[in-house]
Amino acid sequence: MMASSYNAKEEDGHHSGASSGTGLSKNKKPDNTAFKQQRLPAWQPILTAGSVLPAFFVIGLIFIPIGIGLYVTSNNIKEFEIDYTGVSSDSPCYNCAKNFTWNTTEPCVCTVNFTLLQPFESNVFMYYGLSNFYQNHRRYVKSRDDRQLNGDLSALTDPSKECEPYRKSGDVSIAPCGAIANSLFNDTLVLYYVDSNNSKIEVPLVKKGIAWWTDKHVKFRNPAGNSNLTLAFRDTAKPVNWAKPVYELDPSDPDNNGFINEDFIVWMRTAALPTFRKLYRIIQKKSGTTPTLPNGNYMLNITYNYPVLSFDGRKRMILSTISWMGGKNPFLGIAYITVGSICFFLGVVLLIIHHKYDNRNTSADIPS
Amino acid sequence: MERLRWVQQCCRQLLAGDSRRGWYSDGLPTSSLLNTHSPRGRVCGKQRTVFPRNGRHQQDYERVSRNYKSNAISTTKYTFLTFIPMNLFEQFHRAANLYFLFLTLLNWVPVVEAFQKEITMIPLLLVLIIIAIKDALEDFRRYLFDKKVNNNVVRVFCGTQKSYVDQCWKNVQVGDFVHLSCNEIIPADMLLLYSSDPHGVCYIETANLDGETNLKQRQVVSDFPLQGEEFTPESFHSRIECENPNNDLSRFRGYMEHSNGVRVGLHSGNLLLRSCTIRNTETVVGIVVYAGHETKAMMNNSGPRYKRSKLEKHLNTDILWCVVLLFVMCLTAAIGHGLWMNSFKESIFQVDTETPPALAGFYIFWTMVIVLQVLIPISLYVSIEIVKLGQIYFIHNDLSLYNKQLDSRIQCRALNITEDLGQIQYLFSDKTGTLTENKMVFRRCSIFGVEYPHEENARRLEVYESENTETAVCSVTLKSGYSGKSLSCRSLSCNRSSVSLHTLTAEPMEEDQLSGHVQPRTGAFCSRMAKEVVPDPALGRKLNWLTNHSSSETPSSMELTYITDFFLALAICNSVVVSSPNQPRHVIPEERTPLKSLEEVKLMFQRFSFSPFSALSPSQIKGSPHSLKSRLFIRGKRGSLTLSTPVSNTTDVSSSSQENDSKPDLSAREEEEQDVEDQETEDDLKDTQTNPDEARQSMQDLTKQVEEITDELVYEAESPDEAALVHAARAYRCTLRGRSAESLLVDLPGIGSLAIQLLHILPFDSNRKRMSVVVRHPLTGQVVVFTKGADSVIMDLAESPTDQTEVYSHIKEKTQKHLDAYAREGLRTLCIAKKVLKEDEYDLWLKAHMLAESSIENREELLLESAQRLETNLTLLGTTGIVDRLQEEVPETIAALQRAGIKVWVLTGDKQETAINIAYACKLLCASDKLLTANCGSKDACAALFEDLILEVQGGESLTALTGNGESMSSSFILVIDGRTLGWALEDELRSNFLELSRRCKAVICCRSTPLQKSQVVQLIRDHLGVMTLAVGDGANDVSMIQVADVGIGISGQEGMQAVMSSDFAISRFKHLSKLLLVHGHWCYSRLANMIQYFIYKNVMYVNLLFWYQFFCGFSGSVMTNSWVLILFNLIFTSAPPLIYGILNQDLPADALMELPELYQDAQTSKTFVPYMFWITVLDAFYQSLVCFFVPYFAYAGSDVGVLSFGSPINASALFIILLHQVIESNTLTWIHMVVLVLSCTSYFGFVLLLSGFCVTCSPPVNPLGIELLQMSHSLFYITCVLTTVAALLPRLFFQALCNTLHPSTVLKSAHMDTVDSENYCRRMQRWNMTHSKTNRRSAGADNAGLEPSLA
């Protein structure tokens, strides 16, 4: 196929004959350059035991310390996790979980008590975790309209087809449209510290700053042109499963309302795996030396809205501190140590092989 | 008026254009087929009638010529409008493209849609666009060519203006009269009606057509006024009937019917072919019979060749496996999704719950086909083409495949089989011109049963040879300079002749320009070697007897006649065209020829055969034997510059005048030329010697003559044998001076120039294996047939006449003995015979012959018959032995190829003895080899012989097995088989035995084989042994073999370009084969094989990442990557490195491959592309993808990671793994590799960062804004990437190191060898230094104590 391009010269010889009478004294000798003669200076890696084994040792020597460092770091992270789904009958939320329908107007509230054995220093991040929830399902992931969420007015009233079947409710388009928005996590978690004399002190939870900066400021925008969100969203309907419209997500703070509500934004970033957590609130470190969450008894007050039992899901509340490498994860440390050790071991194997075989090869020729 | 005509013409053209397609498809191929296979089956309607377009036959003309194509050509495939549809149509002939089109369309189905609709189109579009651009460029170049050609201007007769007017080529129509001058290119196939040449001939150079540079003679249609008045197109009223256009260059039949009803036969000798060049003829007029695409040149213009390489076939099975893999993966996903759906009855994350699980699974199957499409590498085919182009580029630019003398590089004509060069197992070689130079040099001869060994000549050849090898550079420049000189003269002689005819411009100026402009390519037959034949003293003495009767020994008159006739035959029995730089080559300078009356000639003959020439030379006193000897001696040493005053005994005046006149001229010239010139002057002086009285008077004449003779004659022969023989004859002063259609001008010793009436030439053909000329003998006036041909044929035809039987049979016997001796020596033999015809015999034959010539139907057969009738009862004159030297480095090349495990077969048309001899010379045969000869008289004998031979070979093999001495080559067998036996061997019954036998032999030599047999042998081996075959040859007889072989290689040598035209690669020397195969073949193969494997690895590895993810997203076809990145990952980010790898990788250095040809074989069998390597690669890809997916999975499991954020480290580490994998696999890394690797990385990261920085809503519905930026600001990303990359590559690195250490292949050994060798050397040198320094120290210490500290 490509052939003819190259060949045209020779093939069309009889054409060019028209000019050949004048005679071409051009020399056809190829240029004697390193490139054309394929003599470019090259590094020729020959992988033998002898040449590779230093690399193995080096990798081993680097990886094992890193692994140890990671492991220690991970172990220093404090994490507390509590399942409040209410599967078993002795669970405080058992009733809420059982009697759930999307249409209940009366919120079901349950309270879970727990004890932190160790104090949590520095900032504590409060997550809610869902299991067996396939936020990464292809149809689910696609079921959104980024232009609508970006404040595009035309998309507001005419959402993308990807949102089907949560695109329109009757004739009115849904804002925010799509399955992701529709399934917004709507449990409310409130944390109380139960001090020694059994009085409840509400732990201050910061609900801003939990979303990515780019999401909050670039990707998500309320419909432009109207400072009053109620007016801005007047031609739209609320998602089917929602109790209240989007402009009432956080009536107290106009910067956290509508599409730029951070809980909403966090939910809209679909999780990669079916077991995931999402940042819910931040517990800021208090000044001074007092720990953010001292050890002791706590009470989690849950407004139980979100059903997960139908698909065998679980709901959790997680409290965690983070380090430079993120949340608690012993895997990386262990993996580094393992790989490093394997490298070291293989290095030793290679060393033995090198001594047994490589030397023989070279020494065989030498005596003479 | 003129305008109207133009419009009319345009309309006609348009009409013709409309009907063109139907006519074309109907008329063209069928008619040519019909014509070649069953000439009798032709009906008159299939003929073409041409009326002249001179205004008189307008009606007839228009009626008939409407359907004939005009001369405008268009070789383009597309027009501006049809380009897109047609190109697309062509591209979708490819299965891969269709498959991707299907995927694209599939993505439009909403239920299975995986990505945005545009994105799935990208790969297909990209591939289509790349190919389309390439096609468009090619087509545009063709268009430009066409335009240039179409707008060439030619002078065409215009009926209305009654004169020749300038017109573009494209406007030339069938029936037009075209007026051409010297050096113009013929615009269409036309009949020659007029030539300014007095004999009505014209010369054309067909180099543009078939690459042959010798001139071919064309004749004006017979019974046209040959000369005299200018041809007037108005007066032409004849009608031309000829066959329909076909592509047979050498055949043209038809007749011309004059207005008075007389028919004149037309043949290919009357046809001027398009794109040939008129040479040596001032003006020519012809009538166009075929124009444009119907010309023979255009119909022969087939495009480049397409062959499918073995690797490509192999690749297809791998692709098939990929498809199977894809199917399995999709099926898994489909079933998984169905089950998953089943377990989730009701969930808020399920968008669509109505679809039953089975149907959902079915949908998912197709979705997965789209998602995992990357597994089928669409870009692989494009990449392979690009890689091959790159490989071809490097092969084309290889300096060691460049021939300095011919100024020619290797030509790569087939571009898609480069890697087949690395898998050759059988090599079939022609002998003449392939193994040998095909520069024929006259070596020795035997006349009248007397052998003339030409010792001096042999010595000269040896000297030349050693000179050639010792001081190669020097002699090469000398030679090329010389041939260049003679050549440049030749190629421009026409030009100069026309110049001299028109104006008398200053010659020297011109000559300077000429010598500056060298065309060495055509220097073929004019080598110094071929020209300088040193006469044998004995023969020279005998010949001199003609001029100088006082020689000591007196040959019998009969012998003398034989000798004269022998040399006369050598000089004239050929198709050599003579030219000299100062004159038009064909012109016989008749004004200078002493036209002798018949009586005079007869007288001379009597004198020469019976009397001692007393009448001719009354003053022979000075021509004493002594002076003759000295003259001969001087001649023998010609080539050295020692000959200062050769003619001391001539008059001082003439000698000095000669020196005065010629020396200044000479000083500037080449050494050889000077010699020739000296020799010539010497001859001349000798002539003047005979008339000393006139010497003084002819002083001026002499100087003139000197000048004349200085312009040496240049012989242009169709085959180098002919040239060699003519030069040999010339050495005996039997010089061919000129040739025209009807006469030949020959210088005979002692007689001078004679015009010989040429009656007929019966040209050479391979069936007859001989050629003849019929002439009227200049001395006797008899009609004589001189025949020259292969010894086997001539010896059969030579029947002893009734008288002188005894002598004759004696001669024949002796000659046969000499022939055998020549063959043993490896010489090519030709026999020369003659036959004297009686007038009535001749008349009888002439009539029959004329009849044959004028017949249109089966003219060839009749002519053959006629020739055979004439060539009987010949009288054997003698035989010649011609040396064809081996090309340089042939033995080395053959040895290297054999070491590389390639079986070398020699297929030649030569005699068995010659073939065996050459085989010894080129070390194909060693002294220890056992020769198995198969010459059978019958098929049964042949069968029996094969059985025996097989047993013998088996015995020999078992013997070697018993002694366990497998390595010693002592008992290798060589099969020598002749053409007749080969014919039987190729038949069905004996085929298997022949294969069995030949398979066990080290080499096979087939002699006396026909071109057809050559191709049959190649085909047999190729098909039945299933091996890769390569055929190499240089001549037209090798074409079929070249075409049949998997790889056909043409040697652009002395015998035209047919072999080159049909070959895949064209080289200029046999020795280039070793570099081509051992280095380039090896490289191309290993590069391509590795690249394909890498490509598959890359795709499997990447696609599996997506597949693993399905287990965590409910098999829903979700991907963790932005779809742009997903599609472009393979298409752009990781596409360049494999290309560079495929073009530049060198698994072994070139010199190692050359030094250890065994590596060639090694590469075929071991490492690179054996089936299990595919599975190892796929397994490795699986492992790597597992690591690459699950390390990030565990690192991020349970965290708040988003879909795209999760994909980010996976993609990044996949990129690193894929690139570093290649680094591990690469054997060489140059800065180009580095640049490309870095570019790949930067392009990926640049792209994803750009997307994450600026893509706010650009990639709906999943949008990558901010993801990579955030990910890359986390240390976790880097920690994961490093771990993943290292863990993924660890096993490959380890196992490769392990394998290389435990089982160092020859490949690595050789690589090590250099270093080991140098280390050894160093150590030994150290040791040596140590020991010697001790002794030295002792002595040095004794001499100079001060040195000691420094040494210690």
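Below, read A as the first sequence line, B as the second, and so on, with proteins coming before strands; counting in each chain starts at 1. Just so we're clear, the structure is a prediction, and the values are computed from it rather than from any experiment.
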Where on [X] is there a heavy atom nearer than 4.5 Å to chain A: the side chain, the backbone, both, or neither?
{"X": "Ser1226(B)", "value": "backbone"}
{"X": "Val1119(B)", "value": "neither"}
{"X": "Ser1199(B)", "value": "backbone"}
{"X": "Ile1267(B)", "value": "both"}
{"X": "Ile1232(B)", "value": "side chain"}
{"X": "Val1286(B)", "value": "side chain"}
{"X": "Leu1283(B)", "value": "both"}

Picking from [options], which has the most non-hydrogen pairs under 4.5 angstrom with chain B?
{"options": "Tyr134(A), Phe331(A), Phe276(A)", "value": "Tyr134(A)"}
{"options": "Ile59(A), Thr275(A), Leu279(A), Leu350(A)", "value": "Leu350(A)"}
{"options": "Ser131(A), Pro41(A), Ala272(A)", "value": "Ala272(A)"}
{"options": "Thr214(A), Val339(A), Leu273(A)", "value": "Leu273(A)"}
{"options": "Val52(A), Thr33(A), Thr338(A), Leu346(A)", "value": "Leu346(A)"}
{"options": "Leu40(A), Ile318(A), Leu70(A), Val349(A)", "value": "Leu40(A)"}

Flag, side chain of Asp139(B) to backbone of Asp135(B), donor-acceptor distance under 3.5 Å: no
With no hydrogens and no angle check, is any side-chain donor or acceptor of Gln135(A) less than 3.5 Å from a backbone partner on Trp267(A)? yes
In residues 322-330 of chain A, which residues are in contact with chain B at a heavy-atom separation under 4.5 Å? Trp324(A), Met325(A), Asn329(A)
Could you tell me whether the side chain of [Y] reaches within less than 4.5 Å of the side chain of [X], counting heavy atoms only?
{"X": "Cys343(A)", "Y": "Leu1290(B)", "result": "yes"}
{"X": "Gln148(A)", "Y": "Cys177(A)", "result": "yes"}
{"X": "Tyr402(B)", "Y": "Ser408(B)", "result": "no"}

So [X] and [Y], would you call those rings parallel, tilted or perpendicular, with 30° and 60° as cut-offs?
{"X": "Phe349(B)", "Y": "Trp340(B)", "value": "tilted"}
{"X": "Phe63(A)", "Y": "Tyr336(A)", "value": "tilted"}
{"X": "Tyr1196(B)", "Y": "Phe1206(B)", "value": "perpendicular"}

Salt bridge (charged side-chain N to carboxylate O under 4.0 Å, His left out), that's the test. Do Arg277(A) and Glu79(A) meet it? Break it down for me. CA-CA 13 Å; Arg277(A) 62 174 73 161; Glu79(A) 198 175 276; 3.3 Å; yes
Could you walk me through whether Arg167(A) and Glu164(A) satisfy the salt bridge (charged side-chain N to carboxylate O under 4.0 Å, His left out) test, starting with their C-alpha distance in whole Å, then the side-chain angles of each, then the deciding distance to 0.1 Å, before giving a yes or no? CA-CA 5 Å; Arg167(A) 182 164 167 258; Glu164(A) 293 287 5; 3.6 Å; yes
Tell me, side chain or backbone of Asp152(A) under 4.5 Å from chain B's heavy atoms, or both, or neither? neither
Cys1113(B) meets the disulfide bond (SG atoms under 2.5 Å apart) criterion, sequence neighbours left out, with none
Apply salt bridge (charged side-chain N to carboxylate O under 4.0 Å, His left out) to Arg144(A) and Asp146(A), showing your working. CA-CA 6 Å; Arg144(A) 63 192 287 162; Asp146(A) 276 329; 3.3 Å; yes
